[in-house]
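In what follows, a structure is listed as structure tokens, so that the remarks can point back to it.
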Amino acid sequence: MLAYRHAFHAGNHADVLKHTALIQILEHLNTKETPYRVVDSHAGAGSYSLSSVAARKKGEHRQGVRAIWQSADAPPAVAAYLAAVRSFNPDGVLRHYPGSPALARHLMRAQDDLRLFELHPTDHRLLQAEFGPARNTQVFQADGFAGLRGQLPPPSRRGLVLIDPAYEGVADYGAVVEAVSEGLKRFAQGTFMVWYPKVHKPQSARLAQRLKAIAPKGWLHASLAVQKVDAQGFGLMGSGVFVFNPPHTLYERLHDTLPWLCAALAQHEGASQLLEQHRV
Ligand code: SAM
């Protein structure tokens with residue numbers, strides 16, 4: 001089943017949370033000269049036009065990046081995120097939204113390498129066209145859960161694995177746990193970031209607990225619930241990111257960020273946020 005296209009969702013509240021955390025992790029990796037590798041197991045198309053038919057269909061970016069685009073009081077992590085998005089929109093008009101591959105490429109240095117997996121043929125073609133020719137970058141049309149194993153550990157033993165599936169079927173929840181478990185065996189010191197949707201499904205409610213159980217060396221969990229479900233209880237309430245071996249700076253960087261994002265992106269009065277960590 002490959003019905004999901006990220007073009008319909010680019011820049012929504014879930015992307016804001018995920019990409020804000022992603023940028024913080026990359027900025028931390030950039031504090032040392034040693035090269036690192038980023039593996040994006042579910043890369044999407046790479047970058048998106050917000051005026052495309054797909055992006056305009058539901059206009060999810062309006063309750064996401066566009067809602068905070070002009071903010072003057074954003075906390076530092078959100079300011080860093082907005083600065084990165086602004087670099088793809090140099091005239092200040094928000095037309096383009098960078099996906100995780102574009103943000104990663106933007107922040108990574110000449111010595112770092114990027115590995116991108118995307119199964120959907122159309123999105124893979126777009127990804128390959130934009131990132132295939134890029135320095136130190138490889139694009140695969142292959143299953144990212146299985147493919148990431150072959151990329152670990154990176155030669156420098158530094159890096160980030162982003163696991164950001166579409167969760168079209170409940171099998172993705174189990175596949176995430178298995179992929180991280182396997183990945184940590186090969187690259188125990190690596191940072192792994194899992195994104196997940198907050199939806200009315202037991203698999204979604206249980207995922208963070210399952211991930212905590214396989215995190216031997218510390219974790220960070222951040223989530224936002226800002227959207228109302230429909231009358232039938234369907235829809236994306238919010239999302240979370242679960243980070244294994246987080247940079248020691250991440251909790252502090254997200255501490256003021258989560259309440260700010262929650263207030264800025266809330267679509268109802270019961271919106272909530274969570275930030276927790278376990279350090280060993
Ligand atoms: N990481 C992207 C970003 O932040 O810009 C968004 C990725 S989107 C949520 C998930 C993507 O995973 C979709 O483009 C989908 O086609 C792709 N996909 C689904 N199953 C996959 C698999 N087993 N391996 C690789 N890609 C897959």
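Reckoned from all heavy atoms, side chains included, excluding hydrogens, waters and symmetry mates. This is a predicted model, so every value here is computed, not measured.
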Looking at [X] and [Y], what are the two nearest heavy atoms and their distance?
X    : Y    : result
A104 : L114 : CB-CD1, 4.1 Å
Y196 : A208 : OH-CB, 4.5 Å
G218 : P246 : O-CD, 3.8 Å
G240 : S223 : CA-CB, 3.8 Å
K18  : V241 : CA-CG1, 4.0 Å
S239 : L17  : O-CD2, 3.5 Å

same_hphob_cluster([X], [Y]) at 4.5 Å side-chain heavy-atom cutoff:
X    : Y    : result
V16  : L274 : no
Y4   : L126 : no
F8   : L119 : no
M237 : L258 : no
L2   : V139 : no

Is a side-chain N or O of [X] found less than 3.5 angstrom from the main chain of [Y], in a donor-acceptor match?
X    : Y    : value
R149 : E182 : no
S49  : S51  : yes
N245 : A188 : yes
R158 : T34  : yes
N89  : R95  : yes
E168 : A3   : yes

Aromatic contact between F145 and H42, with the criterion being ring centroids under 6.0 Å apart: yes or no?
yes

Is the closest side-chain heavy-atom distance between [X] and [Y] below 4.5 Å?
X    : Y    : value
L220 : L275 : yes
P216 : L184 : yes
P98  : H106 : no
Y167 : L207 : yes
R66  : L50  : yes

Output the distance between atom [atom1] ([X]) and atom [atom2] ([Y]), rounded to the nearest 0.5 Å.
X    : Y    : atom1 : atom2 : value
F131 : S47  : CZ    : OG    : 5.5 Å
Q128 : T137 : CD    : OG1   : 10.5 Å
D112 : R109 : CG    : CZ    : 4.0 Å
H268 : Q227 : NE2   : CD    : 8.0 Å
R186 : L152 : CZ    : CG    : 7.5 Å
L250 : H28  : CG    : NE2   : 9.5 Å

Please determine whether side-chain contact (heavy atoms from CB on, under 4.5 Å) holds for the pair V161 and F244, giving the CA-CA distance in whole Å, both sets of side-chain angles, and the decisive distance to 0.1 Å.
CA-CA 10 Å; V161 177; F244 296 79; over 6 Å; no

Using a cut-off of 6.0 Å, state whether more than 12 heavy atoms not belonging to E252 lie near its atom CD.
no

Is the number of heavy atoms from other residues, nucleotides or ligands under 6.0 Å of K228 NZ greater than 12?
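No, not enclosed.
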
Should the pair Y81 and Y97 be assigned to parallel (<30°), tilted (30 to 60°) or perpendicular (>60°) ring geometry?
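Geometry flag for Y97 against Y81: tilted rings.
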
Over 60° means perpendicular and under 30° means parallel, so classify the ring planes of F117 and F140, tilted if in between.
parallel

If we ignore angles and hydrogens, is there a donor and acceptor under 3.5 Å between the side chains of [X] and [Y]?
X    : Y    : result
H61  : D15  : no
E276 : H221 : yes
Q111 : E33  : yes
Y36  : N30  : yes

Could you walk me through whether L22 and S100 satisfy the side-chain contact (heavy atoms from CB on, under 4.5 Å) test, starting with their C-alpha distance in whole Å, then the side-chain angles of each, then the deciding distance to 0.1 Å, before giving a yes or no?
CA-CA 8 Å; L22 173 68; S100 49; 4.0 Å; yes

Among R105, R135, R37, which residue satisfies the salt bridge (Lys or Arg N to Asp or Glu O under 4.0 Å) criterion with D113?
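For D113, the salt bridge (Lys or Arg N to Asp or Glu O under 4.0 Å) test succeeds with only one of R105, R135, R37, which is R37.
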
Verify side-chain contact (heavy atoms from CB on, under 4.5 Å) between W219 and F192, making sure each step is shown before the conclusion.
CA-CA 9 Å; W219 50 261; F192 289 69; over 6 Å; no

Tell me, with the steps shown, if L162 and I25 meet side-chain contact (heavy atoms from CB on, under 4.5 Å).
CA-CA 11 Å; L162 169 62; I25 295 170; over 6 Å; no

Under the criterion side chain to side chain donor-acceptor pair (under 3.5 Å), which of R62, E60, Q63 is the partner of N12?
E60

